[in-house]
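Below, each value reflects all heavy atoms present in this structure, side chains not excepted, and no hydrogens, waters or symmetry copies.
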Amino acid sequence: MDELWFADGLDFTCLECGRCCRGEPGAIWVTPEEMQRLARHVELTEEEFSRRFMTKRWGRPSLVERKNGDCILLDAEKCRCLVYGLRPAQCSLFPFWPSLLRSRESWEEARERCPGMGQGRHFSQEEILARLAKSPFFEL
């Protein structure tokens with residue numbers, strides 16, 4: 001990403017609609033520390049949590065997805081994350097992912113699916129880059 005097209009920042013507010021947690025297959029990468037927190041939260045041992053909720057995607061630990069692409073931790077009926085306050089960093093970084101920040105076109109395409117993109121809180125370019133710098137999985 002040579003030139004950052006979002007120099008003026010971007011607007012986003014999570015409406016907790018669950019659309020980012022469903023549909024498309026992919027990966028929901030989880031660090032060992034996040035897995036420990038999630039296992040404690042759902043009152044399982046790490047081994048049991050790993051067996052029931054984890055897989056490997058592109059060589060990294062990832063949450064399992066249902067056959068339809070929904071995250072295993074999404075309450076499909078309520079369209080809410082069952083662990084929203086403890087969700088992995090990858091989830092809390094959405095929509096500020098390198099794949100969506102690569103170009104204005106990528107951002108606009110994702111914006112068609114996410115009603116919170118383009119409205120609400122303004123994030124400066126510096127804030128967006130600082131968030132990405134804290135991620136164990138994303139680099140620009």
Side-chain angles (χ1 to χ4, degrees):
M1 201 180 305
D2 295 331
E3 223 170 286
L4 300 177
W5 62 269
F6 55 94
D8 293 332
L10 295 165
D11 297 333
F12 172 71
T13 296
C14 180
L15 302 177
E16 297 184 35
C17 66
R19 290 183 188 173
C20 57
C21 306
R22 60 180 351 144
E24 289 184 34
I28 307 141
W29 292 319
V30 178
T31 66
E33 295 80 14
E34 290 168 337
M35 190 180 78
Q36 289 170 350
R37 279 197 321 263
L38 293 171
R40 276 194 306 269
H41 181 73
V42 297
E43 300 179 350
L44 294 174
T45 65
E46 289 178 48
E47 294 77 22
E48 182 66 13
F49 183 88
S50 182
R51 190 179 66 70
R52 291 175 54 184
F53 295 101
M54 300 295 297
T55 189
K56 285 257 187 190
R57 295 277 164 82
W58 300 288
R60 295 179 176 163
S62 176
L63 288 172
V64 169
E65 294 174 312
R66 294 185 179 100
K67 289 181 183 179
N68 65 0
D70 288 2
C71 174
I72 192 79
L73 295 175
L74 177 70
D75 179 332
E77 202 172 286
K78 296 178 182 175
C79 292
R80 296 280 186 254
C81 176
L82 296 171
V83 295
Y84 188 81
L86 298 173
R87 68 197 185 283
Q90 179 180 343
C91 301
S92 65
L93 283 172
F94 182 85
F96 304 116
W97 293 348
S99 61
L100 302 182
L101 297 172
R102 188 166 292 124
S103 67
R104 185 177 304 279
E105 293 77 22
S106 296
W107 180 266
E108 292 300 327
E109 185 179 315
R111 189 175 166 185
E112 290 176 18
R113 295 184 308 272
C114 175
M117 292 172 71
Q119 67 172 348
R121 184 180 183 281
H122 183 77
F123 290 83
S124 70
Q125 174 182 306
E126 293 75 21
E127 287 177 291
I128 295 166
L129 295 176
R131 285 174 152 236
L132 285 171
K134 292 179 184 176
S135 169
F137 300 115
F138 295 130
E139 294 178 14
L140 283 178

Check your understanding: Checking side chain to side chain contact (heavy atoms under 4.5 Å, CB included) for the pair Arg87/Leu73: CA distance, chi angles, key distance, verdict?
Key -> CA-CA 9 Å; Arg87 68 197 185 283; Leu73 295 175; over 6 Å; no
**Study point:** Pair Leu129-Leu4, side chain to side chain contact (heavy atoms under 4.5 Å, CB included): steps then yes or no
**Key:** CA-CA 10 Å; Leu129 295 176; Leu4 300 177; 3.8 Å; yes
**Study point:** Stepwise side chain to side chain contact (heavy atoms under 4.5 Å, CB included) test for Phe6 and Ile128
**Key:** CA-CA 9 Å; Phe6 55 94; Ile128 295 166; 3.9 Å; yes
Exercise for review: Start with the C-alpha gap between Cys114 and Phe12, add the side-chain angles, then the distance that decides, and say whether side chain to side chain contact (heavy atoms under 4.5 Å, CB included) holds.
Suggested key: CA-CA 10 Å; Cys114 175; Phe12 172 71; 3.9 Å; yes
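Atom CE of residue Met117 and atom CD of residue Glu112 lie 10.0 Å apart, to the nearest 0.5 angstrom. Note that the CG atom of Leu44 and the CE atom of Met35 stand 11.0 Å from one another [nearest 0.5 Å]. Taking CG of Leu74 as the reference point, atom CD of Glu65 lies at 11.0 Å (rounded to 0.5 Å). Atoms OG and CG, from Ser50 and Leu38 in turn, are 11.5 Å apart once rounded to the nearest 0.5 Å. Rounding to the nearest 0.5 angstrom, the gap separating the CG atom in Leu63 from the CZ atom in Phe49 is 5.5 Å. In this structure, the separation between CD on Glu43 and CD on Glu48 is 13.0 Å, given to the nearest 0.5 Å.
Contact annotation: the side chain of Leu82 never approaches that of His41 to less than 4.5 Å [non-hydrogen atoms, C-beta and beyond]. Residues Glu46 and Pro32 are not in side-chain contact: their nearest non-hydrogen atoms beyond the backbone lie 4.5 Å or more apart.
When all heavy atoms of Pro61 and Met54 are compared, the pair lying nearest together is CB-CE, 3.7 Å. Closest heavy-atom contact between Pro115 and Arg113: CD-O, 3.6 Å. Minimum interatomic distance between Pro95 and Leu100 (heavy atoms only, all atoms of both residues): O-CD1, 3.4 Å. Gln125 and Ala7 get closest at one heavy-atom pair: OE1-CA, 2.8 Å. Across every non-hydrogen atom of Gly26 and Trp58, the tightest pair is C-CZ3, 3.9 Å. Minimum interatomic distance between His122 and Asp11 (heavy atoms only, all atoms of both residues): ND1-OD1, 2.7 Å.
Arg66 contributes a side-chain N or O that, together with a main-chain N or O of Cys71, makes up a donor-acceptor pair within less than 3.5 Å. Proximity of a side-chain donor or acceptor of Trp5 to a complementary backbone N or O of Leu101 within less than 3.5 Å is detected. Looking at Glu34, its side chain does come within 3.5 Å of a backbone N or O of Thr31 through a donor-acceptor pair. Between the side chain of Gln90 and the main chain of Trp29, a donor-acceptor pair closer than 3.5 Å is present. Listed for the Ser62 side chain is a donor-acceptor partner under 3.5 Å among the backbone atoms of Ile28.
Linking Ile, Leu, Val, Met, Phe, Trp and Tyr whenever their side-chain heavy atoms come within less than 4.5 Å leaves Tyr84 and Phe96 in two separate clusters.
Other residues, nucleotides and ligands contribute at most 12 non-hydrogen atoms within 6.0 Å of the CD atom of Glu109.
Among residues two or more places apart in sequence or in another chain, the salt bridge (charged side-chain N to carboxylate O under 4.0 Å, His left out) test is passed with Arg104 by none. Not counting sequence neighbours, the partners of Ala76 by the side-chain contact (heavy atoms from CB on, under 4.5 Å) test are Arg22, Asp70. Listed by chain and residue number, nothing satisfies the side chain to side chain donor-acceptor pair (under 3.5 Å) test with Asp8 (two or more places apart in sequence, or in another chain).
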